[in-house]
Amino acid sequence: MTDITPQMRINSVCEQRGVPAIKVGQPCVVDGEKGLIVNGNSSANFNVRFAESGQTFNCHPYWKMKILSM
């Protein structure tokens, strides 16, 4: 039995949403706030840890999200 990794969840979100490949820790900006993509979730969204607050939130990849290069 294999454990599902954060990268596997992110890959699943990319497939479901038609988003190009993304790596764990990829930087992004959501509604003007800098963060890192740290996981995917069952809502087919990304879990983003925001730099300023350190908190992680569920973020839809098409709602005011800009994915930056590594």
Under the 3.5 angstrom rule, does the side chain of [X] hit a backbone N or O of [Y] as a donor-acceptor pair?
{"X": "Ser43", "Y": "Asn45", "answer": "no"}
{"X": "Gln26", "Y": "Leu68", "answer": "yes"}
{"X": "Gln7", "Y": "Asn39", "answer": "no"}
{"X": "Gln16", "Y": "Ala44", "answer": "no"}

Fill in: Nearest-0.5 Å distance, CD of residue Glu33 to CD of residue Gln55
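One gets 10.5 Å once the value is rounded to the nearest 0.5 Å.
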Worksheet entry | Minimum-distance pair of heavy atoms, taken over all atoms of Pro20 and Cys14 |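 That would be O-SG, 3.4 Å.
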Discussion item. Checking side-chain polar atoms at under 3.5 Å, does Asn11 have a donor or acceptor matched by the opposite partner on Glu15?
Written reply: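 Glu15 and Asn11 do not have a side-chain donor-acceptor pair below 3.5 Å.
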Same apolar cluster (I L V M F W Y, side chains within < 4.5 Å links), [X]/[Y]:
{"X": "Ile22", "Y": "Tyr62", "answer": "yes"}
{"X": "Val24", "Y": "Met65", "answer": "yes"}
{"X": "Val19", "Y": "Val13", "answer": "yes"}

Practice prompt. I would like to know whether Ile4 and Arg9 meet side chain to side chain contact (heavy atoms under 4.5 Å, CB included); could you show each step before the answer?
Written response: CA-CA 7 Å; Ile4 297 174; Arg9 288 186 190 101; 3.8 Å; yes
Fill in: side chain to side chain contact (heavy atoms under 4.5 Å, CB included) assessment of Phe57 paired with Val30
CA-CA 10 Å; Phe57 291 100; Val30 181; over 6 Å; no
Worksheet entry | Criterion side-chain hydrogen bond (donor to acceptor under 3.5 Å, both in side chains) against Asn47, the qualifying member of Asn41, Thr56, Asn58 |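 For Asn47, the side-chain hydrogen bond (donor to acceptor under 3.5 Å, both in side chains) check succeeds only for Asn41.
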Practice prompt. Would you check, one step at a time, whether the test side chain to side chain contact (heavy atoms under 4.5 Å, CB included) holds for Cys28 with Phe50?
Written response: CA-CA 9 Å; Cys28 64; Phe50 288 92; 6.0 Å; no
Discussion item. A side-chain contact here means heavy atoms from C-beta on lying under 4.5 Å apart; do Phe46 and Ile10 qualify?
Written reply: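 Of all side-chain heavy-atom pairs linking Ile10 with Phe46, at least one is under 4.5 Å.
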Item to complete: Have a look at Pro27 and tell me which of Ile37, Ile67, Val48, Leu36 forms a side-chain contact (heavy atoms from CB on, under 4.5 Å) with it.
Response: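 Running side-chain contact (heavy atoms from CB on, under 4.5 Å) over Ile37, Ile67, Val48, Leu36 with Pro27 returns exactly one hit, Leu36.
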